[in-house]
*Asks:* 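Pasting a structure below so you can have a look.
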Protein chains: 2
Amino acid sequence: MHVEEREGIILDLIRKTGFASFRQIDAALDASPATLRRDLARLEQAGAIARVHGGARIAGSEGAKTATYPSLAGVPFLENVNLNRRQKEAIGKRAAQLCRPGESVVIDGGTTTLQMCPHLAGLNLHVVTNSLHVVSALLPQAGTRISIPGGAVFREQNIILNIGPQDMTPSIYAPRVFLGAAFVGPQGVMQADMVLAAAEHQLIERAEWVALLVDSSKFSGPSGSVVCALSELDVIVTDDGISKAAAEMIRDAGVELIIA
Amino acid sequence: MHVEEREGIILDLIRKTGFASFRQIDAALDASPATLRRDLARLEQAGAIARVHGGARIAGSEGAKTATYPSLAGVPFLENVNLNRRQKEAIGKRAAQLCRPGESVVIDGGTTTLQMCPHLAGLNLHVVTNSLHVVSALLPQAGTRISIPGGAVFREQNIILNIGPQDMTPSIYAPRVFLGAAFVGPQGVMQADMVLAAAEHQLIERAEWVALLVDSSKFSGPSGSVVCALSELDVIVTDDGISKAAAEMIRDAGVELIIA
DNA sequence: AGTGCCTTGATTGATTTTGATTGAAACAGC
DNA sequence: GCTGTTTCAATCAAAATCAATCAAGGCACT
């Protein structure tokens with residue numbers, strides 16, 4: 001565990017709700033309190049956070065004493081990359097095994113689906129994505145063909161979205177889709193924000209097979225904009241932290257459940 | 001095992017996740033730590049990576065503190081970026097002045113046109129581009145809208161090219177085009193490679209106004225695939241190294257010549 | 001073969017990071 | 001106010017990492 005890695009996780013923790021107690025940070029990271037305090041001191045020095053007795057909060061939010069809601073809207077999603085990173089990596093690796101060499105797949109944007117990318121080298125896939133992060137991650141893989149839909153770039157979500165009447169051109173259509181999501185509940189798959197929900201809807205509306213990649217924390221939490229119903233999915237890949245109730249809900253909807 | 005081979009493996013390792021610890025690198029390569037440290041020092045000197053205690057990460061991504069956009073930093077561009085850099089910067093800056101606030105423009109890929117990007121902040125432009133590098137450069141500019149055509153990503157050139165029958169969707173059409181080129185001669189504007197030539201042809205075929213950005217070295221050299229005739233251009237922006245003969249050729253073709 | 005140059009690997013000591021300990025400071029309850 | 005508990009900061013020793021130096025080996029060229 002290195003300095004930057006720890007600082008990234010700490011920042012993610014703090015940005016998640018605007019505040020993180022020292023105990024939370026200590027529980028999340030495997031390092032001595034002294035080291036964590038030094039990390040906090042560095043981050044404070046850099047102006048990224050403001051320390052208070054017992055924890056730290058986002059710098060520049062002095063006025064907002066009231067609890068801020070966990071909001072993904074407007075927050076560049078890369079900040080969540082380090083959250084539950086271990087699980088996301090496992091899920092991404094497992095999901096990559098679902099790919100068949102040479103086929104065409106759609107990879108949605110999101111921090112979990114992004115973790116598939118390192119494991120796709122050598123499969124000679126044709127990847128269709130609307131995520132600039134995915135494009136960036138796949139560029140070094142010489143054997144992977146990349147196609148993207150045209151449209152406007154939305155910088156908060158770092159996705160490309162065609163908001164006109166046209167949809168993805170048929171020439172870059174791929175039948176199998178790997179989807180990410182912010183929350184999953186009985187109402188279906190959800191995204192934190194309408195733009196993302198619309199983007200994902202574009203991706204799956206003509207799909208023949210849809211896999212959802214989510215870490216188990218996504219099965220509880222606030223809700224958002226509905227992308228699709230659970231029954232529209234074929235597979236869900238998640239980690240072993242999933243509750244029995246959630247697993248049952250998934251099976252009841254007729255969706256295959258894979259624990260990475 | 002040669003130097004370049006090792007450096008390539010190290011770079012791949014680092015690009016895989018954006019960071020690689022020294023132990024990982026040491027485990028992956030059969031060379032002494034001293035040699036690997038020398039490799040890292042060279043790569044850092046070249047600006048490809050940034051070393052931190054315990055490892056190294058991609059240059060330009062300042063940890064999780066600021067890395068919010070997908071960065072193409074570290075993605076191989078043409079070696080040309082630093083070639084005639086002074087001139088290219090001047091040309092880019094001058095060409096940016098040709099933009100009118102709020103308008104829609106097309107910016108072609110290439111090392112010269114790329115130099116326009118830093119000067120476009122605040123103009124509230126709508127930029128249409130097929131270059132991933134341009135997208136990357138414009139992402140931090142909050143006021144600049146970015147649109148891209150759909151299609152396949154060509155990694156050598158880092159451009160998006162629609163090779164199907166469809167062309168750029170009308171909704172992201174922009175009438176004024178800033179073009180780059182590899183070579184300019186009496187036969188017209190040329191690119192070193194057919195893919196690039198085809199991409200640029202797509203860009204200008206419906207343009208109402210075309211500016212060509214080239215440093216003066218481009219007026220002599222080998223030729224390539226023709227993109228368009230000189231007479232199809234409206235403006236050429238170049239540096240003061242241009243020869244009298246070339247300047248005359250341009251004026252004879254009825255094209256305005258701007259020396260940056 | 002001999003020379004000079006470059007790359008590599010090993011050794012050493014310096015620097016950085018880390019975890020534990022201790023005393024000071026802040027907080028909560030009475 | 002006062003006291004017990006928690007949190008914080010400073011210090012120190014151990015471990016890890018880094019940089020500098022030097023000798024050995026490879027390669028081109030004479």
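Below, read A as the first sequence line, B as the second, and so on, with proteins coming before strands; counting in each chain starts at 1.
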*Asks:* Strictly below 4.0 Å: does B:Ser32 bring a side-chain N or O up to OP1 or OP2 of C:dT8?
*Replies:* no

*Asks:* Taking only N and O in the side chain of A:Arg42, is any of them less than 4.0 Å away from OP1 or OP2 of C:dT17?
*Replies:* no

*Asks:* Taking only the side-chain nitrogens and oxygens of A:Arg37, find out if one of them lies under 4.0 Å from OP1 or OP2 of C:dT18.
*Replies:* no

*Asks:* Can you tell me if B:Arg23 touches the phosphate of D:dT17, counting only side-chain N or O atoms and a distance under 4.0 Å to OP1 or OP2?
*Replies:* yes

*Asks:* Just the rounded figure in Å: distance from P of C:dA10 to CG of B:Asp26.
*Replies:* 11 Å

*Asks:* Please determine whether the number of non-hydrogen atoms from other residues, nucleotides or ligands lying under 6.0 Å from atom CD of B:Glu5 exceeds 12.
*Replies:* yes

*Asks:* C:dT8 phosphate, OP1 or OP2: any side-chain N/O from B:Arg6 under 4.0 angstrom?
*Replies:* yes

*Asks:* Any idea which of C:dG9, D:dC18, C:dT17 is nearest the B:Phe22 side chain?
*Replies:* D:dC18

*Asks:* Whole angstroms only, please: what is the CD-P distance between B:Glu4 and C:dT8?
*Replies:* 12 Å

*Asks:* Expressed as a whole number of angstroms, how long is the span from A:Arg38:CZ to D:dT11:C1'?
*Replies:* 10 Å

*Asks:* Given C:dT18, is OP1 or OP2 found less than 4.0 Å from the side-chain N or O atoms of A:Thr35?
*Replies:* no

*Asks:* Is it true that A:Arg42 and A:Asp39 have a side-chain N and a carboxylate O under 4.0 angstrom from each other?
*Replies:* yes

*Asks:* Go through D:dT17, D:dC8, C:dG19 for me and flag the one nearest to the B:His53 side chain.
*Replies:* D:dT17

